[in-house]
Amino acid sequence: MDLKSSNSPVIVDPLPTLALSSTIMTYTTPKSFSSMGLYLNCPKKKPLPGKIEEVRAAGWLDLMLASSPTRKRQNKDFINDVQVDDLDLRYHNWMVRYPSALTSFEAITSFGRGKRLVLFLDYDGTLSPIVDNPENAIMSNEMRNAVRHVASLFPTAIISGRSRDKVFDFVKLSELYYAGSHGMDIMGPIRMSELSGQHVECIRSTDSKGKEVNLFQPASEFLPMISEVFNKLGETIKNIDGAKMEDNKFCVSVHYRNVAPHDYAEVHQRVTAVLRNYPCLRLTHGRKVLEVRPVIDWNKGKAVEFLLESLRLSEKEDVLPIYVGDDKTDEDAFKVLKANNLGFGILVSSVPKDTDAFYSLRDPTEVMEFLKKLASWKEEST
Ligand SMILES: O=P(O)(O)OC[C@H]1O[C@H](O[C@H]2O[C@H](CO)[C@@H](O)[C@H](O)[C@H]2O)[C@H](O)[C@@H](O)[C@@H]1O
């Protein structure tokens with residue numbers, strides 16, 4: 001794939017784009033990119049903002065400050081009941097547009113009757129509550145049992161920003177399909193197109209139980225670059241109190257959940273200063289986390305399409321995919337389901353948010369309740 005080709009699809013990222021200079025490049029862009037049409041032009045980056053005001057002007061600082069507000073913290077900041085009531089009112093108004101998947105359960109199941117459901121689940125904030133230390137984002141046994149139960153009834157996949165290995169270590173269920181690194185590392189079933197001899201860029205492998213599976217890693221040629229940038233970012237943020245790196249294999253997380261808000265701009269500036277030398281990497285924003293990833297046309301939405309195809313469940317009218325997730329990156333999957341009228345997304349949020357999901361759930365506890373209800377419904381209806 002020619003990186004300079006003007007025919008490449010362009011990623012449309014709703015977040016502010018990274019304001020960077022492309023003057024110095026220490027890393028050579030991989031030349032032998034595969035021919036799947038996933039690789040995009042490495043964008044020319046704008047000059048690096050020098051002052052906090054410029055970080056704010058680019059929209060990042062407000063995003064970082066607003067990221068992942070918890071209900072508890074908001075309530076604490078509010079000084080009178082009227083404002084708390086106002087928040088509740090806004091949430092209730094929002095839920096008119098994005099009704100609870102629990103209270104709308106009957107509508108969901110009557111739509112799903114006679115259809116084959118496929119479940120896609122995000123991990124952090126969906127199956128496990130958001131916690132200060134990413135290493136401690138443990139999934140409860142009750143949630144694991146609920147996921148195991150639905151997976152015995154419907155094809156089920158976890159699609160996470162974490163590395164595939166790490167999310168498997170948390171979930172520990174071999175009966176699921178896993179996509180790590182925001183969908184850039186998929187372990188799924190052998191694709192039918194492969195069996196019929198068509199060329200698909202997957203690696204044949206075996207899972208933890210020795211079953212033959214396919215590995216799809218569209219960003220594998222970025223691995224050396226990602227590992228180099230991981231080290232540089234670690235070095236640059238090491239003396240910012242509370243900042244923490246996480247290696248997600250094909251992407252890198254820079255956590256600032258435990259950083260004092262007055263240092264947020266500093267975190268952003270240092271990260272963007274490193275990235276100015278890597279025009280083939282881009283920066284996105286999650287819940288108190290900056291995420292660095294390759295500029296390829298691949299995301300959680302594409303991973304959903306890929307898995308549906310691998311499972312021979314794409315373009316079938318009797319298939320109903322449901323995606324449950326809490327974060328900005330899950331919106332790519334919500335969009336794919338909505339745009340193609342395939343199925344629907346459920347946003348996990350306790351505050352009003354713009355979303356392409358159809359329904360909402362407040363938190364992982366409600367997600368668990370929803371999964372249990374789905375399992376009971378399926379068992380009762382067969
Ligand atoms: O796609 P996901 O499975 O939701 O992964 C997205 C990021 O999730 C994790 O970070 C988030 O959860 C942490 C644990 O609760 C929390 O400390 C952090 O502030 C959140 O952003 C994970 O650690 C990241 O690497 C993922 O990119």
Side-chain angles (χ1 to χ4, degrees), residues 15 63-70 72-73 119-140 143 147 156-171 176-186 219 226 229-230 233-234 237 242-261 264 267-268 271 281-294 298-304 323-334 345-350 353 355 357 361 363-365 367:
L15 294 169
L63 262 181
M64 289 173 83
L65 287 164
S67 163
S68 195
T70 63
K72 204 169 83 208
R73 188 166 306 142
L119 281 178
F120 295 97
L121 306 169
D122 167 53
Y123 184 71
D124 290 279
T126 299
L127 298 181
S128 68
I130 293 293
V131 291
D132 283 348
N133 183 349
E135 308 305 320
N136 296 341
I138 308 292
M139 180 179 172
S140 70
M143 179 66 98
V147 175
T156 302
I158 306 278
I159 305 196
S160 172
R162 303 253 192 180
S163 74
R164 184 169 47 80
D165 287 349
K166 199 181 285 179
V167 81
F168 180 80
D169 285 348
F170 279 127
V171 178
L176 311 181
Y177 302 106
Y178 289 87
S181 310
H182 296 294
M184 286 182 277
D185 187 4
I186 303 180
I226 290 286
V229 97
F230 178 83
L233 288 171
I237 58 130
K244 184 176 167 69
M245 301 288 304
E246 186 178 3
D247 179 356
N248 287 333
K249 191 159 181 173
F250 295 102
C251 32
V252 169
S253 287
V254 183
H255 291 276
Y256 64 92
R257 183 168 293 279
N258 303 316
V259 170
Y264 287 1
V267 174
H268 183 266
V271 169
L281 300 179
R282 68 184 178 123
L283 190 63
T284 58
H285 183 245
R287 300 182 71 173
K288 298 268 189 251
V289 66
L290 298 176
E291 292 172 318
V292 177
R293 57 161 102 183
W298 197 261
N299 54 41
K300 288 184 173 188
K302 302 263 180 182
V304 164
Y323 188 108
V324 191
D326 72 314
D327 212 345
K328 203 81 200 153
T329 56
D330 300 310
E331 292 293 333
D332 292 319
F334 298 156
I346 301 178
L347 176 68
V348 184
S349 181
S350 59
K353 277 184 191 169
T355 181
L361 289 167
D363 52 29
T365 307
V367 173

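Note that ligands are numbered from 1 as they come in the structure, with each ligand's atoms numbered from 1 the same way. Worth knowing before you read on, the calculation uses all heavy atoms, side chains too, and leaves out hydrogens, waters and symmetry mates.
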Practice problem: Return the minimal non-hydrogen interatomic distance between R293 and W298, and the atom names on each side. | Solution: NH1-O, 4.2 Å
Practice problem: Please determine which of K244, K288, E246 meets the side chain to side chain donor-acceptor pair (under 3.5 Å) test together with H255. | Solution: E246
Quiz prompt | For V289, atoms of ligand 1 separated by under 4.0 Å from a heavy atom | solution = 21 (O)
Practice problem: Return yes or no for this condition: an N or O of N248 is under 3.5 Å from an N or O of ligand 1. | Solution: yes
Self-check item: K300 N/O to ligand 1 N/O under 3.5 Å
Solution: yes
Quiz item: Is ligand 1 under 4.0 Å from a heavy atom in the side chain of S253, in the backbone, in both, or in neither?
Solution: side chain
Quiz item: Any salt bridge between R287 and D124, counting N to O under 4.0 Å?
Solution: no
Quiz item: In the protein, which heavy atom is nearest to atom 10 (O) of ligand 1, and how far is it?
Solution: H255 CE1, 3.5 Å
Exercise. Could you list which atoms of ligand 1 come closer than 4.0 Å to a heavy atom of G161?
Key: 1 (O), 2 (P), 3 (O), 5 (O)
Quiz prompt | Nearest candidate to atom 18 (C) of ligand 1, where distance is taken over non-hydrogen atoms, out of K166, R257, H285 | solution = R257
Exercise. Using a strict cut-off of 4.0 Å, indicate which atoms of ligand 1 neighbour a heavy atom of D132.
Key: 17 (O)
Quiz item: For ligand 1, which atoms have a heavy atom of E246 less than 4.0 angstrom away?
Solution: 22 (C), 23 (O), 24 (C), 25 (O)
Quiz item: Any idea how Y178 and F168 line up, ring-wise: parallel (<30°), tilted (30 to 60°), or perpendicular (>60°)?
Solution: perpendicular
Quiz item: Any side-chain donor paired with an acceptor under 3.5 Å for S350 and D363?
Solution: no
Quiz prompt | Shortest non-hydrogen contact from V254 toward M245 | solution = CG2-SD, 4.0 Å
Quiz item: Going by the atom numbers of ligand 1, which of them fall below 4.0 Å from some non-hydrogen atom of P129?
Solution: 15 (O)
Exercise. Could you check if a side-chain atom of H268 sits within less than 4.5 angstrom of a side-chain atom of Y256, using non-hydrogen atoms only?
Key: no
Quiz item: Nearest to atom 8 (O) of ligand 1, what protein heavy atom do you find, and at what distance?
Solution: D124 OD2, 3.1 Å
Quiz prompt | Nearest protein heavy atom with distance in Å, relative to atom 3 (O) of ligand 1 | solution = S160 OG, 2.7 Å
Quiz item: Heavy atoms, side chains only, cut-off 4.5 Å: are K302 and N299 in contact?
Solution: yes
Self-check item: From the candidates R287, E291, H182, the one that places a heavy atom nearest atom 26 (C) of ligand 1
Solution: E291
Practice problem: Nearest heavy atom to atom 2 (P) of ligand 1 wins, so pick from V252, V131, L127, D122. | Solution: D122
Exercise. Starting at CZ of F334, measure out to CG of L347 and round the result to the nearest 0.5 Å.
Key: 5.0 Å
